[in-house]
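Both backbone and side-chain heavy atoms feed into the values below; hydrogens, waters and symmetry mates do not. Below, chain A is the first sequence line, B the second, and so on; all start at residue 1.
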Amino acid sequence: AQKITQTQPGMFVQEKEAVTLDCTYDTSDPSYGLFWYKQPSSGEMIFLIYQGSYDQQNATEGRYSLNFQKARKSANLVISASQLGDSAMYFCAMTLNTDKLIFGTGTRLQVFP
Amino acid sequence: GAVVSQHPSRVICKSGTSVKIECRSLDFQATTMFWYRQFPKQSLMLMATSNEGSKATYEQGVEKDKFLINHASLTLSTLTVTSAHPEDSSFYICSAPGQVSGNTIYFGEGSWLTVV
């Protein structure tokens with residue numbers, strides 16, 4: 001069965017520092033996509049970054065990068081130069097080319113001055 | 001701007017009544033939309049897949065007679081919570097794949113439902 005695991009319920013980081021949010025996944029399907037979403041307290045789901053299983057290079061989007069280690073089945077999110085506005089819930093998710101998303105349990109990130 | 005619009009953003013209803021939530025794709029057609037539910041401090045769980053012109057596909061454990069889904073047009077899917085009970089209070093959010101599939105999945109703003 002497909003599964004996403006986020007082992008960090010909460011993380012703290014000081015402003016301007018980098019932080020890594022962990023995500024591991026489990027699937028036997030060779031074709032899949034991995035997403036990271038940010039969810040502030042308002043509830044909206046903000047797309048951050050996407051990595052396809054066949055992508056050779058790690059995805060990057062501004063301050064966000066995805067450390068994709070296929071053999072380890074991990075897709076960690078790295079946020080560089082954290083900002084106070086980065087404080088939110090972060091969800092890792094997977095799709096198997098059906099556009100249905102399987103979500104992890106999330107990590108609450110708190111950025112302090 | 002938003003590419004998927006969801007309405008209402010917040011709704012309070014009395015126990016036993018029904019409430020409808022709309023999910024609308026803006027400027028693109030969505031033959032498939034997805035409805036998720038999120039309880040406080042929990043993750044998003046897929047409830048059902050809404051298919052334009054055909055019946056919705058429900059995930060295991062989701063009551064199809066309680067959560068009615070209608071996808072009457074290429075830009076609109078509705079979720080109706082029938083005979084709502086306090087335990088149905090939750091955050092409901094829809095998504096739609098964009099025209100460039102694979103890495104384009106848009107979410108609505110979500111709807112907070114409180115049943116009193």
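- No single ILVMFWY cluster, assembled from side-chain heavy atoms under 4.5 Å apart, contains both Trp35(B) and Val3(B).
- For Met45(B), the CE atom is loosely surrounded, since the number of other residues' heavy atoms within 6.0 Å does not exceed 12.
- Both Phe68(A) and Leu21(A) belong to a single network of hydrophobic side chains, linked directly or stepwise wherever heavy atoms of I, L, V, M, F, W or Y lie under 4.5 Å apart.
- The two residues Asp99(A) and Phe34(B) have their closest heavy-atom pair at O-CE1, 3.3 Å.
- Of the two parts of Gln6(B), neither the backbone nor the side chain holds a non-hydrogen atom closer than 4.5 Å to a non-hydrogen atom of chain A.
- In this structure, CZ in Phe91(B) is found 7.5 Å from OG in Ser42(A), a value given to the nearest 0.5 Å.
- Contact of the Phe107(B) side chain with the Phe47(A) side chain is not registered, since no non-hydrogen atoms from C-beta on lie closer than 4.5 Å.
- Surrounding NE2 of His85(B) are more than 12 heavy atoms belonging to other residues, nucleotides or ligands, all under 6.0 Å away.
- When every heavy atom of Ser43(B) is checked against every heavy atom of Phe103(A), the shortest pair comes out as OG-CB, 3.2 Å.
- For chain A, the nearby parts of Leu44(B) are the backbone and the side chain; heavy atoms of each come within less than 4.5 Å.
- Only the side chain of Gln39(A) comes within less than 4.5 Å of a heavy atom of chain B; its backbone N, CA, C and O stay farther away.
- In terms of non-hydrogen atom pairs under 4.5 Å with chain B, the most contact-rich of Gly52(A), Gly106(A), Gly104(A) is Gly104(A).
- In terms of hydrophobic clustering, with Ile, Leu, Val, Met, Phe, Trp and Tyr side chains grouped at heavy-atom distances under 4.5 Å, Tyr92(B) and Tyr58(B) are assigned to a common cluster.
- Within a 6.0 Å sphere centred on CZ of Phe112(A), other residues, nucleotides and ligands contribute more than 12 heavy atoms.
- Looking only at side-chain heavy atoms (C-beta outward), Thr105(A) and Gln42(B) stay at 4.5 Å or farther from each other.
- Within 6.0 Å of NZ in Lys3(A) there are 12 or fewer heavy atoms belonging to other residues, nucleotides or ligands.
- The residue among Gln51(A), Met89(A), Arg108(A), Met45(A) with the most heavy atom pairs within less than 4.5 Å of chain B is Met45(A).
- More than 12 heavy-atom neighbours from other residues, nucleotides or ligands sit within 6.0 angstrom of CD on Glu87(B).
- Here the closest non-hydrogen pair linking Tyr36(B) and Leu101(A) is OH-N, 2.9 Å.
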